[in-house]
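This report concerns only the one structure given below.
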Amino acid sequence: LLGACQSTLKQTHHSSSSVNKSSTFRPPSAMETMLYINLYATLILIPCSYYAGQFQHGMSMIFPSADDITNTQHEEAETTSRLLLQLNLSASLGQVFIFLTIHHFSPLTCTTV
């Protein structure tokens, strides 16, 4: 499935214009590519994590129920949720940096940096 989507994204203007003269093909930008990769990963990984039982554990860690926590644990749960949010924000910024570096320069430059 991912290979088929990747080959669709890699089509050139020449090959698509020979099939349909009125359509124009534009290669996806770095942000669009990142969006598509994240959507495909989400579609695959959420059902897999649900099947493995990790989805419920992760949701209970992010959103603990009021019955399971005391006052001191409530503060720890808020701190854990805040740290997870900070981790995800920094990971997303790193992913944007990587995709834009590859798009504007080259994979070698990104590896060097």
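What you see is a predicted model, and the numbers here were worked out from it, not measured in a lab. Side chains are part of it too, since the values below use all heavy atoms of this structure and drop only hydrogens, waters and symmetry mates.
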When rounded to the nearest 0.5 angstrom, what is the spacing between [atom1] in [X] and [atom2] in [Y]?
| X | Y | atom1 | atom2 | result |
| --- | --- | --- | --- | --- |
| Leu83 | Asn88 | CG | CG | 11.0 Å |
| Leu87 | Ser92 | CG | OG | 9.5 Å |
| Ser49 | Gln56 | OG | CD | 8.0 Å |
| Asn38 | Leu43 | CG | CG | 11.0 Å |

Residue pair Phe105, Val113: steps toward the side chain to side chain contact (heavy atoms under 4.5 Å, CB included) verdict:
CA-CA 11 Å; Phe105 300 105; Val113 170; over 6 Å; no
Contact summary for Pro28 and Glu32, nearest pair of heavy atoms
CA-OE1, 3.2 Å
hydrophobic_cluster_shared for [Y] and [X], side chain cutoff 4.5 Å:
| X | Y | result |
| --- | --- | --- |
| Leu84 | Phe55 | yes |
| Met34 | Ile102 | no |
| Met31 | Phe99 | yes |
| Tyr50 | Leu45 | no |

How would you list all residue pairs meeting salt bridge (Lys or Arg N to Asp or Glu O under 4.0 Å) that involve residues 80-104, not counting sequence neighbours?
none
Only pairs at least two apart or in different chains count here, so list each salt bridge (Lys or Arg N to Asp or Glu O under 4.0 Å) that has a residue in residues 49-63.
none
Under the side chain to side chain donor-acceptor pair (under 3.5 Å) definition, can you give me all pairs with a residue in residues 101-113, not counting sequence neighbours?
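Counting only pairs at least two positions apart or across chains, the side chain to side chain donor-acceptor pair (under 3.5 Å) contacts touching residues 101-113 are Ser106-Thr109.
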As a test of understanding, state which of Leu35, Thr33, Leu39 forms a side-chain contact (heavy atoms from CB on, under 4.5 Å) with Ile37.
Thr33
